[in-house]
Amino acid sequence: YRNIPSLSERYRPYFRIGAAVNAKSLNTHRDLLVTHFNSVTAENEMKWEEIHPEQDRYEFAKADALVNFAREHGMFVRGHTLVWHNQTPAAVFLDDLGQTATAAVVERRLEEHVATVLGRYHNDIGCWDVVNEAVVDAGTGFLRDSRWLQTLGDDYIAKAFRIAHQAAPDALLFYNDYNETKPDKSERIYKLVAGLLDEGVPIHGIGMQGHWMLDDPALDEIERAIDRYASLGVRLHITELDVSVYGNVHGTGGQSQEVLPYDDELAKRLAKRYRSLFSLLRARKDVIESVTFWGVADDDTWRDNFPVRGRKDWPLLFDVNHGPKQAFWSVVEF
Ligand SMILES: Oc1ccccc1CN[C@@H]1C=C[C@@H](O)[C@H](O)[C@H]1O
């Protein structure tokens, strides 16, 4: 190999370079992590169902391991995530009889969860995705009809940010979402965050997940969304970047089961797409503080199972053997 430059060193003048890690990849991808990344996010280990699986049981071991690894290597830690409609135990919203719990009970549980988790890591975690994916994807609605909305009502989002700020006054607090560049949805995200800011809610940033594809979203759509969010005066993080080689990964419509072989033609298409994405992101370095990939290398990506279980994808900068792909070189050579 020609000697491989460090991705995070190359981008030090621009923004932090992060990766989602899990209990396994912390070990299996350790070399790539320490060489190329200066920020980490727990892929699952800080989600409610993992870190607080039962009312009176917390499981901190895996989150502790991640935080210790990050401290050892001087890496920033993004906390992910506190209030989300997925990967949250059903019991959080139920009373002892299995009926829907009252707002007071759910709010107390949220306060206890946030105080416990943010309290434990207040010296280690610099920012939190406080609320994840709270607005509807399509149609004319606004807030997603989640158990959080059903039990706590419309102001659960403001409540969550205030509770988080109370628990960790120094942490930067983010709203995080996907399909975040789609015009209709980005207007809903903008409206939500603008409203929170108008209410004086402590919110400091927007997380753009960045689960993108080879041809969608178009660069100008991404640029418009970045500029719209930046006009609120908040920081922007790209929080879950990957570039699926399949189309239509979030939208409705058919998903082919057919696996695309990662051949030279596909490698070139992916490299070209990553080159243009990072050219735009570098041009917006004044508002983009961090770019985190949702994974490290193609041998461990959630895209192999979403939206189609078992369909191999090739969305990241390092290949299944942890070598640099053409896409890696298109990101570091500019
Ligand atoms: O791509 C999606 C499609 C449908 C719903 C949510 C998403 C994105 N949702 C993300 C993806 C993976 C999870 O590990 C993250 O926590 C979540 O934020």
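These numbers were taken from a predicted model, which means no experiment stands behind them. Counting starts at 1 for both ligands and their atoms, in listed order. Note that these values count all heavy atoms, side chains included, but never hydrogens, waters or copies made by symmetry.
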Those atoms of ligand 1 less than 4.0 Å from some heavy atom in Asn132: 17 (C), 18 (O)
Any Arg120 side-chain heavy atom under 4.5 Å of Asp64 side chain: yes
For Glu240, the option from Thr41, Thr292, Asn176 that meets side chain to side chain donor-acceptor pair (under 3.5 Å): Asn176
Heavy-atom nearest neighbour of atom 5 (C) of ligand 1 within options Trp84, Tyr178, Trp302, Trp294: Tyr178
Short side-chain to backbone donor-acceptor contact, His73 and Val34, under 3.5 Å: no
Heavy-atom proximity to atom 13 (C) of ligand 1, best of Glu43, His80, Lys47, Gln209: Lys47
Heteroatom proximity flag, His211 to ligand 1, N/O under 3.5 Å: no
4.5 Å side-chain heavy-atom contact, Trp148 and Thr88: yes
For Glu133, atoms of ligand 1 separated by under 4.0 Å from a heavy atom: 6 (C), 7 (C), 8 (C), 9 (N), 10 (C), 17 (C), 18 (O)
Side chain Lys182, main chain Tyr178, donor-acceptor under 3.5 Å: no
